[in-house]
Amino acid sequence: MIKLTRRGTIGLGLGAFFALASASTALAADTIKIGYPANLTGIQASLDGPMLNGAKLAASEINASGGVLGQQIELVIYDSKSDSTTISTVASQLIDSDKVVGIIGFADSDSVLAIGPQVQKAQIPFITPGATSPKLPGQLGNEIFLAAFGDNVQAAVGAEFALNKLNGKTAYLLTDIGTEYTTLLSDYFVAAYEHGGGKILERDTYKIGDKTFTAQIAKLKALSPQPDFVYASSNAEEIGLILKQMRQAGINLPVVGGDGYDTPLLIQVGGDAAKDTYFTTHAYIGEGAAPKVQAFIDAYTKSVGNAPENAFAALGYDSVKLMADAIKRAGAPDPAKIRDALAATSGLDGVTGTITYRPGISVPDKSVSVIGVKDGKLVLASEAAPTFVAEP
Amino acid sequence: MSREARITLLVLVALVAGAAVAFGAPHVLSDYFVRIILLIALNAILVLALSLSNGFTGVFSLGHVGFIGAGAYISGILSIPVQQKMALLPHLPAFLHAFSLPFLPATLVAGLLTALLAVVVGYPLMRLSGYFVSVATMGFLIIVNVVLINASDFTRGARTFTGVPLETTLPWVMGWLAITLFVLARLVYSPFGRAMKAVRDDTIAASAVGIGVLRTRLIAFVTGAFFSGVGGSLYAHYLGSFSPNTFYFALTMSLITMLVLGGMGSLTGAVVGVVCVSLLSEVLRTVERGFTIGDFAVPALFGASQIVLGFIFILVMIFRPKGIMGDREFTFGLTQGSATVNQTEERKR
């Protein structure tokens, strides 16, 4: 009889784990593999989760209609845990072990900066559905593509919306200097707003994670004359608190911001105080949305069990369609050909707008939706492409 | 063969084996496995640096990650190429703009500056004992984090610090690991090492026999800080981009877990802890993606790896409260020799 020592048991267990791990990858041969690292746990989970659901929906739709180049596509998904060390390990796993032909991932610029050097070195095309820093391709290289508009575009639309629709000639600017996204967004807003003839009366800052904004609000209240509106470049958690504390202090000015507002938290935390708030984002996915968006909402609700949480779900969906389209036009699952096909993408119709890359520019020109809050609900306030856009 | 010759031989064999892994692995293994080995070696340096004060001297520091962060940022600022510095950090003082250092000097400077920082911080803090020193060093970690976020001219604030050249390769890390192990082994298993353990086990008795408690603790703390700073630099040049929150409570917890799991009073225990935790979390990370055996499919359960890992830690602490190695070392039969030698020497006295 074979006697198992404790050490032997541990060895067997580990061996079984590794065998299982390799078995799961070996089974799925003859598919086109697309890497999908996602921050499913950690601080980015509320954005990356819906995004992954959207991506899976797109992949199953593509596979149901026959796949790409006669092959099924397979999303190779790893949880990168909102941690840059894990992101770099996952990247090498995808590139080296899983041999993916392209990678899609992340809703924030910081995670893209973490994975960028490796995908660039391995010459694997990479699409980020949700990161919006237009500087990313310049910082990292020619394999990096954005599926969303750049922050310079949404800031410009926000500025023009404030100038023309809200008649806001003067502004108070509040910036979260804790993240790359909010800092850049503010800079682009100032460029576009001042170019359009607006005047910033006063500016102040805070950091992601702050809970009280009394000092900033007091500064705003002391302004004479009062500005026409407030531009708050904020992330999802803080904007609700800012609105609440501002309305309590008796300030009823309109508040304008970017796609960082676009989570259910805005209305959950802000409540009544969220009235007269406007933000620029990728698509309007509420009541009375455009037919193609409504079709997406229905399909998402059917496969996930709830309506899309935010526009990032739609961006995840569009990114997989974008990659599949490039693979189809490349004619072969070859990373170099896919990259070239991706760069030549023109007029691809998606839920979040039409994607076209101008030569040498990996940030698409897309229209921006401006969403306002009315009676505790999100309504489409405007949809526009800006007339002036600041350089990235 | 005499004991000294055997030790020399063992060290040589270990060095040759390490060098073989360092230079051979990238040719034989895939990039993924090379990265896992690299991360294990890198974390081993960090955990070893931590073990010096937390394990051997009884100063349970929660602030070492502050030194790692400081080392990462210092070396990062020094080694970003001059052209990129202007674009990424436009408000740096002029003399920092003028030059950029190669990897090794930047790492050494980072280590030395963090050691200097440790002298300043440690001088008042090393007078504290027990829980108080843990809380005080945690205060230091928080201060470092706030400074990193607010000194935005140097660090880009809370935004991602990027552009650090990716220079950390396996031979570099293995080399630094060998140096760390060598220095620490010499320090811990020397008369001074005995003083450290005496301070840990009974502070009053130690000072009664003439051991300078503050001096002993400070030397352990500063040496640990030097290697933390070096490790921070290696980390910075491995990741290429990082933010102040990369070096905060999450990293502190994971390093302490590795140390406690491996055994607090043992250098090889620290390494064993790192290897076990790293391999286990890698395996679990792959398994949580779901798998199929025949017709039986286990769906993906993201986040399960953290739960299982936590559960295993609890089990280890119940069944081996002193960690896997406790205070023993892997010595391939050499400690027994040394123990008997010591005993005979003591008997002679």
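Reminder, nothing fancy here: chain letters follow the sequence lines and each chain counts from 1.
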Problem - Part of B:T162 within contact of chain A (heavy atom distance under 4.5 Å) - result: side chain

Practice task
Can you tell which part of B:I149 gets under 4.5 Å to a heavy atom of chain A, answering side chain, backbone, both or neither?
Solution key: both

Handout entry: Heavy-atom pair count under 4.5 Å with chain B, highest-scoring of A:A38, A:A45, A:S88
Key = A:S88

Problem - Separation between CZ of B:F33 and CD of A:Q93, rounded to the nearest 0.5 Å - result: 8.0 Å

Exercise for the section: Side chain from CB out, backbone as N, CA, C, O: work out which of these in B:S281 comes under 4.5 Å of a heavy atom of chain A, or both, or neither. Expected result: neither

Handout entry: Distance, nearest 0.5 Å, that separates OG1 of B:T160 from CG of A:D108
Key = 8.0 Å

Fill in the blank from the handout: Comparing B:L38, B:V34, B:L239 against chain A, the one with the most heavy-atom pairs below 4.5 Å turns out to be B:L239

Handout entry: Residue part contacting chain B, namely of A:S109, when any heavy atom lies under 4.5 Å
Key = neither

Handout entry: Gap between atom CZ of B:R159 and atom OG1 of A:T183 - 0.5 Å precision
Key = 4.5 Å

Handout entry: Proximal to chain B - members of residues 110-120 of chain A, heavy-atom separation under 4.5 Å
Key = A:D110, A:L113, A:A114, A:P117, A:Q118

Exercise for the section: Indicate the atoms forming the closest heavy-atom contact of B:F302 with A:Y78, along with that distance. Expected result: CE2-C, 4.3 Å

Exercise for the section: Walk me through it: do A:T89 and B:E282 pass the test side chain to side chain contact (heavy atoms under 4.5 Å, CB included)? Expected result: CA-CA 9 Å; A:T89 314; B:E282 274 310 306; 3.9 Å; yes

Exercise for the section: Would you confirm whether B:R35, through its side chain, and A:S92, through its main-chain N or O, come within 3.5 Å as a donor-acceptor pair? Expected result: no

Fill in the blank from the handout: Tightest non-hydrogen contact, residues B:R285 and A:D79, listed as CD-O, 4.2 Å

Exercise for the section: Assess whether atom CD of A:E237 is packed by more than 12 heavy atoms of other residues, nucleotides or ligands within 6.0 Å. Expected result: no

Completion exercise
So CG of B:L88 and CD of A:Q139: to nearest 0.5 Å the spacing works out to 7.0 Å

Problem - Which portion of B:L39 sits near chain A, non-hydrogen atoms under 4.5 angstrom - result: side chain

Exercise for the section: First locate atom NZ of A:K99, then atom OG of B:S30, and finally report the distance between them rounded to the nearest 0.5 Å. Expected result: 7.5 Å

Handout entry: A:T179, part contacting chain B, at a heavy-atom distance under 4.5 Å
Key = backbone

Practice task
Evaluate the side-chain proximity of B:Y235 to A:T85: yes if any heavy-atom separation is below 4.5 Å, no if none is.
Solution key: yes

Problem - B:S305 and A:K81, any side-chain heavy atoms less than 4.5 Å apart - result: yes

Practice task
Would you indicate whether B:F249, at its atom CZ, is surrounded by more than 12 heavy atoms from other residues, nucleotides or ligands within a distance under 6.0 Å?
Solution key: yes

Handout entry: Interface moiety of B:Q306 toward chain A, non-hydrogen atoms closer than 4.5 Å
Key = side chain

Problem - B:M317 atom CE, over 12 foreign heavy atoms within 6.0 Å - result: yes

Handout entry: Proximal component of A:S97, with respect to chain B [non-hydrogen, under 4.5 Å]
Key = side chain

Exercise for the section: For residues B:D31 and A:I95, determine if any side-chain heavy atom of one lies less than 4.5 Å from a side-chain heavy atom of the other. Expected result: no

